[in-house]
Amino acid sequence: QVQVVESGGGLVQAGGSLRLSCAASGSIFSINGMRWYRQVPGKQRVFVAAITRGGSTNYADSVKGRFTISRDNAANTVYLQMNSLKPEDAAVYYCNADGLNTAGIISVYWGRGTQVTVSS
């Protein structure tokens, strides 16, 4: 069983910064891509950022220049550095990863989310 768990959420003033972490654990053979999504009540979950195993990145237009995604392959961990936070960034942030478990099965894994609140 593979699990992914987010951490690092909290309350921050507009203009401030937070760093989110997400670690995959369990019966992992390899992790491929890792991604961050976010969702607010009553709205659809939307893409925030993605990173390949080789380090190529992609960002939603709304966060370009402010957020940075990175990863530690040895630790099966992805990070999201969020700077210059705005009230509209407030959401539950979810971690996503795909990879192979030790049985050779490829799957997509989701975390339970971590809350980010931004005060104006």
Side-chain angles (χ1 to χ4, degrees):
Q1 176 97 294
V2 176
Q3 296 181 351
V4 294
V5 179
E6 305 94 336
S7 62
L11 189 151
V12 64
Q13 187 177 354
S17 298
L18 282 175
R19 187 190 188 218
L20 306 183
S21 299
C22 173
S25 62
S27 55
I28 299 168
F29 181 79
S30 64
I31 295 293
N32 189 21
M34 304 189 83
R35 309 155 194 90
W36 288 97
Y37 291 75
R38 66 188 184 190
Q39 186 173 25
V40 299
K43 294 189 176 182
Q44 295 295 116
R45 189 172 300 181
V46 298
F47 170 81
V48 175
I51 187 167
T52 68
R53 185 170 182 84
S56 297
T57 59
N58 189 33
Y59 299 92
D61 288 343
S62 59
V63 306
K64 285 182 179 177
R66 300 187 299 118
F67 291 10
T68 302
I69 188 170
S70 61
R71 65 188 290 171
D72 181 342
N73 290 339
N76 289 320
T77 300
V78 63
Y79 306 94
L80 187 68
Q81 178 66 48
M82 305 186 294
N83 298 327
S84 302
L85 282 162
K86 304 174 181 179
E88 51 263 43
D89 294 318
V92 176
Y93 283 71
Y94 295 91
C95 178
N96 166 281
D98 66 277
L100 295 171
N101 66 14
T102 52
I105 299 172
I106 188 167
S107 298
V108 177
Y109 311 102
W110 286 93
R112 298 291 188 179
T114 186
Q115 177 72 54
V116 173
T117 303
V118 184
S119 62
S120 59

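Along the sequence shown, the residues carry numbers beginning at 1.
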Would you say [X] and [Y] are hydrophobically clustered, going by side-chain heavy atoms of ILVMFWY under 4.5 Å?
| X | Y | result |
| --- | --- | --- |
| F29 | I106 | yes |
| I28 | V78 | yes |
| Y94 | W36 | no |
| V48 | L20 | yes |

If only atom types and distance count, is the side chain of [X] paired as donor or acceptor with the main-chain N or O of [Y] below 3.5 Å?
| X | Y | answer |
| --- | --- | --- |
| D72 | T77 | no |
| Q1 | S27 | no |
| E6 | G113 | yes |

Which residues satisfy the side-chain hydrogen bond (donor to acceptor under 3.5 Å, both in side chains) test with [X], sequence neighbours excluded?
| X | result |
| --- | --- |
| S17 | N83 |
| R66 | D89 |
| Q115 | none |

Quick one: disulfide bond (SG atoms under 2.5 Å apart) pairs with a partner in residues 30-62, sequence neighbours left out?
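The answer is none; no pair qualifies.
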With a 4.5 Å heavy-atom cut-off, do L85 and F67 have their side chains touching?
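Of all side-chain heavy-atom pairs linking F67 with L85, at least one is under 4.5 Å.
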Is there a side-chain contact between R38 and L80, using heavy atoms and a 4.5 Å cut-off?
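No, their side chains stay 4.5 Å or more apart.
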Hydrophobic cluster mates of I105, side-chain heavy atoms under 4.5 angstrom, ILVMFWY only, any path?
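Via sub-4.5 Å side-chain contacts, I105 links to none.
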Using 0.5 Å steps for rounding, measure from the [atom1] atom of [X] to the [atom2] atom of [Y].
| X | Y | atom1 | atom2 | answer |
| --- | --- | --- | --- | --- |
| S56 | I69 | OG | CD1 | 11.5 Å |
| R71 | T57 | CZ | OG1 | 12.0 Å |
| D98 | M34 | CG | CE | 9.0 Å |
| F47 | D61 | CZ | CG | 10.0 Å |

Taking everything shown except R53 itself, do over 12 heavy atoms lie less than 6.0 Å from its CZ?
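Atom CZ in R53 is packed in, count exceeds 12.
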Dump the intermediate steps for side chain to side chain contact (heavy atoms under 4.5 Å, CB included) on N101 and Y109, then the final yes or no.
CA-CA 11 Å; N101 66 14; Y109 311 102; 4.0 Å; yes
Shortest non-hydrogen contact between [X] and [Y], atoms and distance:
| X | Y | value |
| --- | --- | --- |
| V40 | A91 | CG1-CB, 3.6 Å |
| S120 | A14 | CA-CB, 4.3 Å |
| G9 | T114 | N-OG1, 3.2 Å |
| I31 | A24 | CD1-CB, 4.2 Å |

Show the numbers, then the answer: is there a side chain to side chain contact (heavy atoms under 4.5 Å, CB included) between S119 and L11?
CA-CA 7 Å; S119 62; L11 189 151; 4.3 Å; yes
So V12 and M82, side chain to side chain contact (heavy atoms under 4.5 Å, CB included) or not? Walk me through it.
CA-CA 11 Å; V12 64; M82 305 186 294; over 6 Å; no
Quick one: side-chain contact (heavy atoms from CB on, under 4.5 Å) partners of N96, sequence neighbours excluded?
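Partners of N96 by the side-chain contact (heavy atoms from CB on, under 4.5 Å) criterion, ordered by chain and then number, come out as R35, Y37, V108, W110.
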